[in-house]
Amino acid sequence: MTAIDPALRATRTTCAYCGVGCGVLATPDGNGGAAISGDTEHPANFGRLCSKGSALGETLGLEGRLLHPMIRCSNGVMERVAWTDALDHVAHRFHHIIARDGPGAVAFYLSGQLLTEDYYVANKLMKGFIGSANVDTNSRLCMSSSVAGHKRAFGADTVPGCYEDLDEADLLVLTGSNAAWCHPVLFQRMLVNKQRRGARIVVIDPRRTDTAGDADLFLGLKPGTDTALFSGLLVYLADNGALDRDYIERYTAGFEDAMARARSIAGSTAATALATGLAEKDVAAFFQMFANTPRVVTLYSQGVNQSAQGTDKVNAILNCHLATGRIGKPGASPFSLTGQPNAMGGREVGGLANQLAAHMNFTPPDIDRVRRFWKAPRIATHEGLKAVQMFEAIARGEIKALWVMGTNPAVSLPDADAARAALGKLELFVVSENVRSNDTVNSGVHVLLPAQAWGEKSGTVTNSERRISRQRAFLTPPGETKPDWWIVGEVAKRLGFGAAFNFNSAADVFREHAALSAFENGGSRDFDVGALSSLSDEAFDAMAPVQWPIRAGEAPRPRLFADGRFFSNDHKARFIAPEVPVLRTETTAARPLRLNTGRIRDQWHTMTRTGASPRLGQHLPEPFVEIHPDDALKSGVTDDSFARITTDYGQCILKVVVSERQQRGMLFAPIHWSEETASDARVGALVAPFTDPYSGQPENKATPASIVPYEYVFRGFALSRALLALPPQIWWTRVSVSGGHGYLLANNADLAGWQSWLHAAAGDDLAEYKDVGGGVYRAASFSNDRIETCLFVGPARDAGDWNVVKSLFAAEALSNDQRRTLLSGRSMDGLASAGPVVCACFGVGRTTICDAIAAGAGTAAEIGARLKAGTNCGSCIPELKRLIAQAPVPGADSDQRQLATASN
Ligand SMILES: Nc1nc2c(c(=O)[nH]1)N[C@H]1C(S)=C(S)[C@@H](COP(=O)(O)OP(=O)(O)OC[C@H]3O[C@@H](n4cnc5c(=O)[nH]c(N)nc54)[C@H](O)[C@@H]3O)O[C@H]1N2
Ligand SMILES: Nc1nc2c(c(=O)[nH]1)N[C@H]1C(S)=C(S)[C@@H](COP(=O)(O)OP(=O)(O)OC[C@H]3O[C@@H](n4cnc5c(=O)[nH]c(N)nc54)[C@H](O)[C@@H]3O)O[C@H]1N2
Ligand code: SF4
Ligand SMILES: [Mo]
């Protein structure tokens, strides 16, 4: 961690990653880097940061950054151009296509990683001036089922609770959320509540995640059965006198229908157990806990949203909270955990194709109101295409021009190979990006526009609890990078809409956005930040984190709906009768398993940011698939081998992790790898493009799949200061390592092939070790006393110790002894392999931790006292606890332990 020079001033900003929205203090080092620490005054984190937030300083480098506008020339090559030429070109081509084919032929695809100001300007241009609602966002893949569920129940997309509820609840129910890895700072806040106040935690997930490690009750339900579980709960509440009849009577409608449906879906505890695959006693325990605990918060995320019945799942949860009146009260509320740093801001401006702006919809009065406010010449009058449908329309040639900002759809959309192929059909394909290369950019982009990145850009983001925080710039924007709002505004001016896009700063945009939220509102719409519409530039700069609604003349409201006043026409909430839950697809003999996809602790999405951090690359460096031991046995795959996973849409080759944390019949694979970082791990290409009928959100967690073993003769790794062009036909994955890039490899070529490839890549001046009979080849090139490039190849697990060689590679100079022993690939005096890294902050490996446990460390705190592991960000504490729980009891079967620790 970089030392902070007290002479340099710290800037208060907000983390670039998840929807927790932690406050960050960034102190630039004067060389383009910065020291990062948690902001003790920010109410989301009070100074805490998780592993990703702590490592933000390692992601600020300019390697791989897009620094200048580029246009594809007639010879197919991307060439640097001036900003004016790039903007003229984009405007001219959009104008031409709209004139020829109408506004429906163009589209924007935006992102929850844009700032609210960027989002506002893009939405205004498309919906108010181009006159199409074909503007959607990656939030469609992320939060849209929650949005639809909120709107059906509350009449508006409102998150009723706040983070303090997590401190004040007596029962925390997490369903479809791996918060220990995905919202770590909030999860730690929940654990503090458990320790101090004895709050109980229930985790509902087909996988036994690290979040489940701290649960009082874990419900490993069958995928897609949340609706049945919460329907059964509603029935139980009714039958056991736990309803708030007064609240239901006065403030809601639709209870009887919803109740009847719930009874038909899961009319008893036994029926619920049958429908969800859970033990009846566990279901009963959960129902009793919920019924008997007034202060309960139900937190949910992608296991609920990313489902072909996602909206119904959301409403089944909301029904239980409405029926008990546990909504918007201290410690009692439903709580949608948002994913991206500005998932909420995008919803506020109306970045989804089925919203208009400022939480207004495509109703005649709203359309008219927004038209007048914007003085819009051609306002869109009906909903546009949602993400998956948008890409299908591109594939059919109906959408001819697409502008992607801040998202990587060639990786993250379901059926991602089809999405990638669709991009190739566009007549005009524009991407605003931070990076020069990703799978989307590499799908035939015509115009590349360099956007300012985190640390350079400036504006606002809204976190899961409706709290608007400033992201502030603390670095000089590199090259010719520009704010996203500026880029869109310049194109709007060139399309002839200058008067409406005359913004000079993010503050300008924010004031207009705030004014629209209050325009003819009068309390009729939930989203109102009117009190901020006249902030001066200075006040915007100094703006402290604040929750909406912030109506002029009214006190802030951290919670909504306890008063029973909702945003529907009659101000009542609606119970929704969910459809009987059935998964959209059946498993078959050919596809006997279900592929679930999600996240790992230390990577963010397609790794364009976290992939730059050596610290974050240590935890789980390889793309993997997790499988239950019984399914592994049946399909003949073994731990640490390779397997091919196939669905009706695509295939991958992944490393196998055999683990009892996975339920029978299911596979789990993380989403983070792309063609940039691995040869065979574009997991999105395997995912079925089925969507929820209300929200349009795809089902990312239940695609029928098959798995077969895949053999490689050789395994190995390479480390290099510069990026390597690897030979074809090999399995590889790349991570950042201290001092350069690390590649993990496997293939079936012969050693001579490796040797000649390395000579071509690194020159002939190599130190080499070759054992043809043993199938081992190890070689390194040096620059002065530092390793420049090295390659270790061998049969199966004999290539050498990656962790040992990595630490030699990190050294500025090798001693003669180290140089001599390097090619043994084994640990030597003073350099024992610590095993795969568990604690990213202090680089503490699994072997070191297991040794400490064997030597008597019996709690995470004791491990921390000995090794520092877990004492900075705390993200690895769940894993430390797991290692303690799995430590062998003297005399126990050692195979069992092997199996258990293999899972991550
Ligand atoms: N480390 C890290 N953190 C992140 C991100 C990241 O990329 N990396 N991304 C951020 C973003 S954008 C988002 S949206 C959030 C996502 O945060 P989460 O939703 O917590 O993450 P996921 O891993 O996608 O899925 C959560 C869990 O849903 C479970 N699940 C699957 N099917 C079902 C089901 O039918 N029912 C139930 N109850 N559970 C099911 C999965 O097994 C998984 O453990 O994370 C945010 N935080
Ligand atoms: N199978 C499967 N698929 C999934 C999911 C899943 O669980 N399973 N989860 C879905 C979810 S919840 C999400 S949120 C998505 C995430 O998927 P994506 O949004 O596609 O993933 P990112 O890697 O975050 O892509 C962001 C891109 O924007 C760039 N970028 C970052 N900041 C800026 C900026 O300020 N301006 C501009 N112009 N560019 C910027 C980055 O370099 C990067 O290329 O994936 C979805 N896809
Ligand atoms: S929990 Fe971690 S990733 Fe999320 S905002 Fe906080 S520091 Fe950033
Ligand atoms: Mo997300």
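First listed ligand is number 1; within each ligand, the first listed atom is number 1.
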- Can you find an N/O atom of Gly598 closer than 3.5 Å to an N/O atom of ligand 2? no
- Task: Quick one: look at Tyr17 and ligand 1, take heavy-atom pairs under 4.0 Å, and tell me if it's side chain, backbone, both or neither.
- Result: neither
- Of all the non-hydrogen atoms in the protein, which one sits nearest to atom 29 (C) of ligand 1, and at what distance? Asp205 OD2, 3.2 Å
- Note on the structure: Looking only at non-hydrogen atoms, the one of Gly220, Ala180, Cys182 nearest atom 47 (N) of ligand 1 is Cys182
- Query: For ligand 2, which part of Asn408 has a heavy atom less than 4.0 Å away: the side chain, the backbone, both, or neither?
  - Reply: both
- Any N or O of Asn438 closer than 3.5 Å to N or O of ligand 2: yes
- Heavy-atom distances under 4.0 Å are what count here, so tell me which part of Thr606 touches ligand 2: side chain, backbone, both or neither. both
- Where on Ser432 is there a heavy atom closer than 4.0 Å to ligand 2, on the side chain, on the backbone, on both, or on neither? both
- State whether the shortest distance between N or O atoms of Thr597 and N or O atoms of ligand 2 falls below 3.5 angstrom. yes
- Task: Quick one: look at Ile671 and ligand 2, take heavy-atom pairs under 4.0 Å, and tell me if it's side chain, backbone, both or neither.
- Result: side chain
- Task: Check the angle between the aromatic planes of Phe624 and Phe668 and answer parallel, tilted or perpendicular using the 30° and 60° thresholds.
- Result: tilted
- Item | Shortest heavy-atom approach to atom 40 (C) of ligand 1 - which of Ser301, Ala179, Pro206 | Pro206
- Message: Side chain, backbone, both or neither: which applies to Lys313 and ligand 1 if a contact is any heavy-atom pair less than 4.0 Å apart?
- Response: side chain
- Item | Distance from atom 38 (N) of ligand 1 to nearest protein heavy atom, with residue and atom | Asp226 OD2, 2.7 Å
- Task: Give the single entry among Gln302, Lys52, Arg208 that approaches atom 19 (O) of ligand 1 most closely by any heavy atom.
- Result: Gln302
- Note on the structure: Closest to atom 31 (C) of ligand 1 among protein heavy atoms sits Lys701 CD, 3.3 Å
- Task: Please state which part of Cys142 comes within less than 4.0 Å of ligand 1, counting heavy atoms only: side chain, backbone, both or neither.
- Result: side chain
- Heavy-atom nearest neighbour in the protein, as seen from atom 12 (S) of ligand 2, with distance rounded to 0.1 Å: Arg599 NH2, 3.1 Å
- Task: With heavy atoms only and a cut-off of under 4.0 Å, state how Trp454 meets ligand 2: side chain, backbone, both or neither.
- Result: neither
